[in-house]
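Contents: one structure, followed by commentary.
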Amino acid sequence: MKDRLRQQIGDALQACFDNNTLHSGVVPEVQIEVPGNPEHGDFASNLAMTMARIEKKSPRQIADALIAALTDCDFLSKVEVAGPGFINFTLTPTCWYKVLDDIAARGKAYGLSRVGQGRRVQVEFVSANPTGPLHIGHGRGAAVGDAVAAILQAAGFDVQREYYVNDAGNQVATLGRSIWMRLREQNGETIVFPEDGYQGGYIRDLAIKLREVDPAIAQLEESEAVKRCTDFGVSEVLKWIAADLKDFGITFDNWFSEQSLYDRNMVEIELAKLAAKGLSYERDGALWLRTTDYGDDKDRVLIKSDGSPTYFASDVAYHMEKFDRGFERVIDVWGADHHGYVPRMKAVVAGLGHPSDDLEVLLIQMVNLLRDGQPYTMGKRSGNFVTLREVVDEVGSDACRFYFLMRRSDSQLDFDLELAKRQSSDNPVYYVQYAHARVCSIKRNAQEQGVALPKQGAVDLSSLILPEELLLAKHLARYPETVVGAAQSCEPHRIVYYLQELAAQFHSYYNRQRILVEDPATTQARLYLIDGVSTVLANALNLLGVDAPERM
RNA sequence: GCGCGAUUAGCUCAGCUGGAUAGAGCGCUGCCCUCCGGAGGCAGAGGUCGCAGGUUCGAAUCCUGCAUCGCGCGCCA
């Protein structure tokens with residue numbers, strides 16, 4: 001719709017140049033927006049104002065000239081100049097109702113687009129260390145990462161979801177030592193548990209299980225035993241993590257092992273490439289990466305003077321390999337406490353010759369868990385945090401995911417467990433899901449009354465004349481561009497806001513008007529409208545990983 | 001000290017990348033059930049967009065300075 005209008009305006013502009021009512025010959029980008037105030041029509045353009053300076057004419061004069069040059073077209077019902085020089089366009093109702101046919105025809109595909117042009121994008125998210133169960137913060141990252149991936153797919157990108165497993169280095173070694181100590185404790189030894197060990201009760205569970213499957217371990221020499229503890233612990237914890245995520249509706253296309261980088265010598269190989277480009281240098285016995293050349297505060301160490309690589313080194317190699325694998329856009333989802341690492345990682349990307357924006361880092365802020373408005377922090381078995389599983393078990397995956405996506409991901413989030421479970425309109429997720437269930441209920445009701453459901457493309461919509469019906473149709477028409485906007489900005493919360501507004505409009509309409517009325521034509525038209533509502537609700541919820549239930 | 005991010009209604013937050021009279025939910029006040037699901041709806045009150053300058057036709061949005069809060073600044077991972 002917008003594109004057709006843009007075309008019309010462009011033609012009018014050209015006509016003005018041709019007949020000399022306008023002289024500059026400069027064609028600016030035509031901006032069209034949807035005004036906040038409905039009295040300002042369906043679309044508005046600021047073109048006349050942006051041209052005022054170069055044309056040396058008042059915006060209103062230019063606007064008048066443009067309007068005069070607009071060829072008659074059937075879909076515009078009103079065009080007028082308003083305010084400082086906006087051109088406001090009002091479309092005929094029928095062209096809005098065409099969207100209902102479009103929705104009915106495309107169904108689940110309504111809202112998909114090709115703006116991504118099949119470009120390959122990787123979204124790497126969660127990537128929690130395999131040293132313990134996922135906590136609530138990981139859950140938010142998971143919900144955001146998965147939704148961003150789904151939204152990008154809907155916008156026509158070729159998306160891969162990846163989990164980076166930090167299975168090399170000190171963290172997993174600490175896991176192994178922790179399990180080993182608990183295992184010895186189980187065998188009756190008096191132990192001094194390491195200060196930096198993992199405190200959670202799950203360590204003991206792992207120790208007990210390992211003793212069962214590998215009874216000989218207690219007799220092994222310590223370093224070998226700890227190694228087995230590490231391998232066992234990592235593999236068990238990864239199983240938990242995968243299971244937690246699966247129950248949260250999330251699966252990954254690829255689990256990428258950090259250790260595999262070392263096994264394949266990739267760290268060495270990628271670092272050699274950096275050296276060849278002159279991006280690294282030696283100083284004080286260490287190898288440094290020249291990240292300051294690309295906006296970082298200070299250069300960063302890749303190889304320590306004792307010869308061992310830093311965590312940064314494998315991270316650099318990992319990101320280099322991402323681009324080697326052919327991804328044009330790489331999106332990392334990190335906890336906001338890592339924001340200080342963004343400049344150095346972007347510096348790496350820039351150093352490789354990519355625009356630094358080819359790497360986008362989404363920072364996920366903290367989740368404040370509440371219970372009836374009071375802070376809730378205690379985790380039972382996991383150390384000092386609440387696990388994702390506890391929360392999903394309590395409030396359900398749908399509510400959990402919806403809440404995680406309600407705010408911009410880089411702002412903190414209050415998540416009230418009691419509110420999330422409540423079955424009333426002050427719980428946003430129920431409110432939205434209920435709108436979908438309500439449409440389904442009406443359709444069931446219609447069928448019980450022997451009313452046939454409308455067929456795609458074969459409905460007379462001329463009885464849809466109420467303002468709230470037009471409003472709904474317009475909002476449905478805006479869904480595709482909402483998805484595109486969410487994809488371009490990597491902001492799933494836009495979909496949430498869209499859903500809340502659509503649900504509100506629908507509930508309001510429902511409350512004022514009966515759908516199933518005496519007049520068959522009106523009934524058919526209204527059923528067609530609300531069917532479009534339920535399709536869009538379902539499509540949008542699907543992007544967020546939230547179910548669209550037919551009954552609640 | 002340096003850097004990053006925040007600051008919008010009593011509370012929690014949007015604000016479509018510079019547009020017209022700044023919005024939503026919760027909470028508060030007052031209403032609406034002969035109704036397809038009241039698991040809902042309607043109306044009202046509530047604002048110096050942290051402060052001060054600047055850029056221009058036009059600023060919550062961009063620039064500078066200041067204030068307050070949060071986070072980050074290892075040859076840790």
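Every chain is numbered from 1, with letters handed out A, B, ... down the list of sequences.
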For this session: In plain terms, say whether A:Asp357 and A:Lys346 are close enough for a salt bridge, that is, a side-chain N and a carboxylate O under 4.0 Å apart.
Result: yes

Exercise. Roughly how many Å is it from CG in A:Asp426 to C1' in B:C11, rounded to a whole number?
Worked result: 14 Å

Exercise. Has the side chain of A:Thr310 got a donor or acceptor atom sitting under 3.5 Å from an opposite partner on the base of B:C75?
Worked result: no

Exercise. Rounded to the nearest Å, what distance is computed from the CD1 atom of residue A:Ile303 to the P atom of nucleotide B:C76?
Worked result: 12 Å

For this session: Summarise protein proximity over nucleotides 41-46 of chain B in one line of letters, 5' to 3': B for base, S for sugar-phosphate only, - for none, counting protein heavy atoms closer than 4.0 Å.
Result: SS----

Problem set entry | Presence of A:Lys304 side-chain N/O under 4.0 Å of B:C76 phosphate oxygens OP1/OP2 | yes

Seminar exercise, completed: Between CG of A:Asn166 and P of B:A77 the distance, given in whole Å, is 11 Å

Seminar exercise, completed: Here the distance between atom P of B:A77 and atom CG of A:Asp306, to the nearest Å, is 9 Å

Exercise. Are any of the side-chain nitrogens in A:Glu394 or A:Arg371 under 4.0 Å away from the carboxylate oxygens of its partner?
Worked result: yes

For this session: May I have all residue pairs that pass ring pair (Phe, Tyr, Trp, His ring centres under 6.0 Å) and include part of residues 407-426 of chain A, sequence neighbours excluded?
Result: A:Tyr403-A:Phe415, A:Phe404-A:Phe415

Exercise. Phosphate oxygens OP1/OP2 of B:G15: is one of them under 4.0 Å from a side-chain N or O of A:His493?
Worked result: yes

Exercise. Is there a Watson-Crick or G-U wobble partner for B:G23 with both distances under 3.5 Å, and if so, which one is it?
Worked result: B:C13

Exercise. Can you tell me how far P of B:G74 sits from CZ of A:Phe312, to the nearest Å?
Worked result: 13 Å

Exercise. Using the ring of each side chain (for Trp, its six-membered ring), is A:Tyr341 parallel, tilted or perpendicular to A:His338, with breaks at 30° and 60°?
Worked result: tilted

Problem set entry | Donor-acceptor pair (no angle test) under 3.5 Å: A:Asp196 side chain, B:A77 base | no

For this session: If the plane angle is over 60° it's perpendicular, under 30° parallel, otherwise tilted; pick one for A:Tyr318 and A:Tyr164.
Result: parallel

Exercise. Relative to the 5' end of RNA chain B, which residue comes earlier, A:Leu363 or A:Ala446, by the nucleotide with the nearest heavy atom?
Worked result: A:Leu363

Exercise. Is B:C51 paired to anything, Watson-Crick or G-U wobble with both distances less than 3.5 Å, and if yes, which nucleotide?
Worked result: B:G65

Problem set entry | Note: A:Asp42-A:Lys474 ion pair, threshold 4.0 Å (strictly below) | yes

Exercise. Taking atom C1' of B:C13 as reference, at what distance in whole Å does atom OH of A:Tyr498 sit?
Worked result: 21 Å

Exercise. B:U55: syn or anti, with syn meaning chi within 90° of zero?
Worked result: anti

Problem set entry | Sub-4.0 Å heavy-atom contacts from residues 334-345 of chain A onto RNA chain B, ordered by number | A:Asp337, A:His339, A:Gly340, A:Tyr341

Problem set entry | A:Leu47 CG to B:C57 P, straight-line distance once rounded to whole Å | 16 Å

Exercise. With respect to the phosphate group of B:G18, does any side-chain polar atom (N or O) of A:Thr50 fall under 4.0 Å of OP1 or OP2?
Worked result: no

Problem set entry | Below 4.0 Å: OP1/OP2 of B:C16 and any side-chain N or O of A:Tyr497 | no

Exercise. Under the 3.5 Å rule, do the base of B:C16 and the side chain of A:Arg478 count as making a donor-acceptor pair?
Worked result: yes

Exercise. Hey, does the side chain of A:Lys346 come within less than 4.0 Å of B:C4's phosphate (OP1/OP2), counting only N and O?
Worked result: no

For this session: Name the pairing partner of B:G58, where a pair is Watson-Crick or G-U wobble with both distances under 3.5 Å, or state none.
Result: none

Exercise. Rounded to the nearest Å, what distance is computed from the OH atom of residue A:Tyr403 to the P atom of nucleotide B:C26?
Worked result: 11 Å

Exercise. For RNA chain B, whose closest nucleotide is more 5', that of A:Arg407 or that of A:Val301?
Worked result: A:Arg407

